[in-house]
There are 2 protein chains.
Amino acid sequence: MIRLAVADDQSILRSGLVALLRLETDLEVVGEAADAAAALDVVADTDPDVLLLDVQMPPGTGADGRPGPQDGIEVARRLRADGAARPRIIVLTTFGRAGYLRRTMETGAEGFMVKDAPVERLVDAIRRVQQGLRVVDPDLAAQSLSVGPSPLTAKETEVLRAAADGAGTSQIAATLFLSEGTVRNHISSAIGKLGVAGRAEAVRRATDNGWL
Amino acid sequence: MIRLAVADDQSILRSGLVALLRLETDLEVVGEAADAAAALDVVADTDPDVLLLDVQMPPGTGADGRPGPQDGIEVARRLRADGAARPRIIVLTTFGRAGYLRRTMETGAEGFMVKDAPVERLVDAIRRVQQGLRVVDPDLAAQSLSVGPSPLTAKETEVLRAAADGAGTSQIAATLFLSEGTVRNHISSAIGKLGVAGRAEAVRRATDNGWL
DNA sequence: TGCGGACCATGACAGCTGTCATGGGCGGGG
DNA sequence: CCCCGCCCATGACAGCTGTCATGGTCCGCA
């Protein structure tokens with residue numbers, strides 16, 4: 001019997017998913033959570049074998065009253081911070097962004113699935129993960145590979161990452177000890193390579209592809 | 001027996017929702033669709049009493065090969081275009097944006113629910129809608145009222161709407177027979193009223209609140 | 001009648017953005 | 001060895017954006 005916990009802020013999806021999982025004779029849902037802080041609590045309380053974790057979730061407030069992690073991937077990171085192997089983690093997401101996949105796998109999570117995958121595939125993933133295997137949604141894995149390595153140079157990446165944190169040109173220049181002109185130039189180059197218009201789109205495209 | 005059709009691109013949510021609805025003895029799911037074009041087809045094929053419709057859906061390609069409606073609300077509009085009262089329509093959405101609510105209600109749909117509402121509320125809504133009542137998610141309705149009427153003046157709205165269509169300053173000026181300076185000025189005023197930085201955010205805030 | 005407050009319109013101004021031309025440093029291939 | 005290509009750095013330039021000060025019209029109110 002595989003003991004499961006489900007964390008997702010969309011109540012309808014969560015309830016539906018739980019109903020579906022109950023239909024499987026070897027699965028047992030032992031906990032549910034609607035935000036990131038609650039997800040941590042549920043794991044602490046019920047010690048499930050496998051945790052299904054949505055990426056987009058409100059932080060919520062933990063038992064100590066402080067705000068919880070900002071998203072599901074951050075929850076995974078915290079659960080793995082102490083090196084524990086339990087619970088196995090499968091991250092679910094609506095948007096099949098390669099960046100999510102990369103971030104997720106870096107945390108040490110075992111699985112990554114998009115929500116428009118059929119349920120059988122998810123159930124299958126749960127069983128495989130329980131056996132210690134790693135599972136990645138095939139469609140997304142293919143897309144992730146097709147995205148390929150970053151076309152950005154080192155400095156371009158550095159500058160773009162700073163821009164992603166909301167810093168303006170002058171701030172970036174000060175932080176990286178560059179002229180403002182140089183900063184704009186790296187951004188311009190990145191814009192060209194990414195085939196977008198404007199630094200905002202460049203930042204988005206780069207993060208979407210996990211190139212940050 | 002209420003005959004239902006469910007249209008949502010997230011396979012997991014759709015399957016889960018169907019599983020939940022089957023638990024209700026007076027509900028019967030007669031059709032499913034994963035994109036907007038398929039939703040129209042399913043309605044034509046099965047003539048359900050009530051249609052559950054996600055807002056965010058890929059257009060898909062219809063039986064005639066042409067692309068379908070851009071989102072769920074557009075599907076609702078088409079179904080109501082000929083004045084027919086069937087099927088009753090409940091629009092589901094992940095994001096409780098007042099703009100969605102407004103657009104939805106203008107199409108003549110009967111219900112509007114956010115996906116983090118509990119399932120009982122959705123089931124309840126289905127039964128009420130079947131009886132000819134209109135149902136709006138209480139939380140969202142409150143929020144929608146609290147948002148209040150638009151603080152924007154007529155010209156500001158006009159200019160912002162044009163900007164939302166992707167037009168640049170000069171294009172807007174030409175379209176509305178204004179000086180470019182005037183256009184920028186209206187936008188600036190709107191930015192001030194909406195308490196945001198930059199025209200992009202202004203457009204987004206205005207659409208989110210249904211002020212376009 | 002006069003006055004104040006909205007909405008609208010316009011041009012001037014400063015700030016920021018992206019692109020360009022230019023040049024220095026470094027490593028591989030002829 | 002020299003040369004070419006790539007990355008990095010810089011300042012100059014044009015274009016666009018948001019704000020401001022100014023002035024016009026219209027309407028309600030004393």
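Values below: all heavy atoms of this structure, side chains included; hydrogens, waters and symmetry mates excluded. Per chain, numbering begins at 1; letters A, B, ... match sequence-line order.
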**Study point:** Option passing side chain to side chain contact (heavy atoms under 4.5 Å, CB included) with A:T182 (candidates A:E180, A:H186, A:R184)
**Key:** A:H186
Exercise for review: Could you check which residues of residues 154-166 of chain A get a heavy atom under 4.0 Å from DNA chain D? Sort them by number, please.
Suggested key: A:A154, A:K155
Point to revise | Option from A:L101, A:V55, A:I73 for which side chain to side chain contact (heavy atoms under 4.5 Å, CB included) with A:T93 holds | key: A:V55
Review point. Between A:R97 and A:Y100, is NZ or CZ placed under 6.0 angstrom from the six-membered ring centre and within 45° of the ring axis?
Key: yes
Review point. Measuring from A:T107:OG1 to A:R102:CZ, what's the distance to the nearest 0.5 Å?
Key: 14.0 Å
Study note, to complete from the structure: CG (B:L13) and CG (A:D8) are apart, to the nearest 0.5 Å, by 9.0 Å
Practice item. Give the minimum heavy-atom separation between A:R88 and A:R80, together with the two atoms involved. Key: CA-NH2, 3.7 Å
Check your understanding: Going by atom types only, do B:T169 and B:R199 share a side-chain donor-acceptor pair under 3.5 Å?
Key -> yes
Point to revise | Gap separating the CZ atom of A:R14 from the CD1 atom of B:I12, nearest 0.5 angstrom | key: 14.5 Å
Revision key, fill the gap. One should read off an interatomic distance between A:L53 CG and A:M113 CE, to the nearest 0.5 angstrom, of 14.5 Å
Study note, to complete from the structure: Sorted by number, residues from residues 168-183 of chain A placing a heavy atom under 4.0 Å from DNA chain D are A:L178, A:S179, A:G181, A:T182
Check your understanding: Can you list, by residue number, the residues of residues 184-198 of chain A that have a non-hydrogen atom closer than 4.0 angstrom to DNA chain D?
Key -> A:R184, A:N185, A:H186
Study note, to complete from the structure: When rounded to the nearest 0.5 Å, the distance separating CG of B:L152 from CG of B:N209 is 9.5 Å
